[in-house]
Amino acid sequence: TISVELADALAERCVEAGLAYIAAPVLGRVNVAEAGLLQILAAGEADALAIAAPLFDVMGQKTWVFGDRPSQANAVKLGVNFMLASAIGTMGEAATLAAGHGVERAAFLEMAFSTVFAAPAYQNYGKMIASETYMPAGFKLALGLKDMRLALAAGEAAHVPMPLAGVLRDNFLDNLAHGEGDLDWAGMAKVSKRRAGQD
């Protein structure tokens, strides 16, 4: 995941060199990539995208095209990572609230991701939070901090306030201050637990 600004700079340099440039960040962890089931977020000139399409078809389950400016795909990737971080932060706080009233964190989370939040992101990260299994990391907390900083910068560039992204950035900073940067970013849930004195 790179910044919108860097994507624009790369596109500009490619144009100067007479080359086409497309952006194609992906959604999916290593096991998804190995199975060729990535979700590919693409943007760039239609002719260049058509040339890359056969490669995308091998690597991914679906290619989503978001415009003719490559950085549009990077903005989408930052938006998705912001949503995932929001889900992780919300689950961590909600499970800590339930635990504060004597409810087992795992039981609360299993109910939530089996009913009203029965979606892969909630199920996968909810299970990690419930079992407190943050290693091996599929996506490190330190990278979550990087992506929240990039999302905030992209928001500022487009005059889009993102107050929740600021809170998430501070949570990631809390993790890193406690030496947790190499944990999976689901470990952001440790921040809520620690603040509530449940750690």
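Every value quoted in this text rests on a predicted model; they were computed, and no experiment measured them. Numbering of residues begins at 1 and proceeds along the displayed sequence.
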Q: Look at the side-chain heavy atoms of Ile, Leu, Val, Met, Phe, Trp and Tyr, link any pair under 4.5 Å apart, and say whether Val80 and Phe117 land in one connected group.
A: yes

Q: Side-chain contact test, heavy atoms from C-beta onward, threshold under 4.5 Å: evaluate it for Leu41 versus Val26 and give yes or no.
A: no

Q: Enter the distance from Met188:CE to Thr90:OG1 here, rounded to the nearest 0.5 Å.
A: 8.5 Å

Q.
I'd like to know if the side chain of Asn175 and the backbone of Gly187 have a donor-acceptor N/O pair within less than 3.5 Å.
A. yes

(Q) Taking the side chain as everything from C-beta on, heavy atoms only, tell me whether Ile22 gets closer than 4.5 Å to Pro70. (A) no

Q | Validation row, ring centre Tyr122 to ring centre Phe113 under 6.0 Å | A | no

Q: Let me see the working for Glu110 and Lys127 under salt bridge (Lys or Arg N to Asp or Glu O under 4.0 Å), right down to the final yes or no.
A: CA-CA 7 Å; Glu110 183 180 359; Lys127 288 174 184 173; over 6 Å; no

Q. Ion pair present between Lys77 and Asp147, side-chain N to carboxylate O less than 4.0 angstrom?
A. no

Q. So, does Ser3 use its side chain to make a donor-acceptor pair with the main chain of Leu6 at under 3.5 Å?
A. yes

Q: Measure the CG-CD1 distance between Leu168 and Ile88 for me, rounded to the nearest 0.5 Å.
A: 9.0 Å

Q. More than 12 non-hydrogen atoms from neighbouring residues, nucleotides or ligands closer than 6.0 Å to CD on Glu104, yes or no?
A. no

Q. Minimum heavy-atom separation for Ala151 to Leu78, with atom names?
A. N-CD2, 4.1 Å

Q: Check whether any side-chain heavy atom of Met162 lies under 4.5 Å from a side-chain heavy atom of Val160, and answer yes or no.
A: yes

Q.
Under a 3.5 Å threshold, yes or no: a donor from one side chain and an acceptor from the other, between Trp185 and Tyr134?
A. no

Q. Taking NZ, NE, NH1 and NH2 as the nitrogens, is one of them in Lys190 or Asp174 under 4.0 Å from a carboxylate oxygen of the other?
A. no

Q) Looking at side-chain heavy atoms only, is the closest gap between Val4 and Gln72 below 4.5 Å? A) no

Q.
Do Val32 and Leu55 sit in one hydrophobic cluster, given that two such residues count as connected whenever their side-chain heavy atoms are within less than 4.5 Å of each other, even indirectly?
A. yes

Q) CG of Leu37 to CG of Leu27: how many Å apart, nearest 0.5 Å? A) 12.5 Å

(Q) Show the nearest heavy-atom pair for residues Ala121 and Leu84, with the distance to one decimal. (A) CB-CD2, 3.5 Å

Q. Out of curiosity, does Phe172 fall in the hydrophobic cluster containing Leu150 (side-chain heavy atoms, cut-off under 4.5 Å, transitive links)?
A. no

(Q) Under a plain distance cut-off of 3.5 Å, with no hydrogens placed, do Arg195 and Asn171 share a side-chain donor-acceptor pair? (A) yes

Q. Are Lys146 and Arg169 side-chain neighbours, meaning at least one heavy-atom pair lies under 4.5 Å?
A. no

(Q) For Arg13, I'd like to know if atom CZ has over 12 heavy atoms of other residues, nucleotides or ligands within 6.0 Å. (A) no

Q: Locate the shortest heavy-atom distance separating Glu180 from Leu141; write the atom from each residue and the value.
A: O-CD1, 2.9 Å

Q) In terms of hydrophobic clusters joined by side-chain contacts under 4.5 Å, are Met128 and Leu145 together? A) yes

Q) Measuring from Leu143:CG to Met148:CE, what's the distance to the nearest 0.5 Å? A) 11.0 Å

Q: Indicate the atoms forming the closest heavy-atom contact of Ala73 with Pro25, along with that distance.
A: O-CG, 3.6 Å

Q. Above 12 or not: heavy atoms from other molecules or residues under 6.0 Å from NZ of Lys140?
A. no

Q) Any donor and acceptor pair, going by atom type alone, linking the side chain of Asp184 with main-chain N or O of Phe139 inside 3.5 Å? A) yes

Q | Heavy atoms from other residues, nucleotides or ligands near CG of Asn31 exceed 12 (cutoff 6.0 Å) | A | yes

Q: Drop me the distance from Arg105's CZ to Met91's CE, to the nearest 0.5 angstrom.
A: 11.0 Å

Q) Taking C-beta and beyond as the side chain, do Thr1 and Asn74 meet within less than 4.5 Å on heavy atoms? A) no

Q: Kindly compute the distance separating OG1 (Thr133) from CG (Leu183), expressed to the nearest 0.5 Å.
A: 11.0 Å

Q | Side-chain heavy-atom pair Thr96, Gln198 within 4.5 angstrom cut-off | A | yes

Q: For Leu152 and Gly166, work out which heavy atoms get closest and say how close.
A: CD2-N, 3.9 Å

Q.
Looking at every non-hydrogen atom in both residues, tell me the closest pair between Asp199 and Arg194 and how far apart they are.
A. CB-CA, 3.8 Å

Q) Does Gln39 CD have over 12 foreign heavy atoms under 6.0 Å away? A) yes

Q) Same cluster or not: are Val103 and Met111 linked, directly or through other Ile, Leu, Val, Met, Phe, Trp or Tyr residues, by side-chain heavy atoms under 4.5 angstrom apart? A) yes

Q: Flag the pair Phe56 / Leu38 as yes when at least one side-chain heavy-atom distance between them is below 4.5 Å, and no otherwise.
A: no

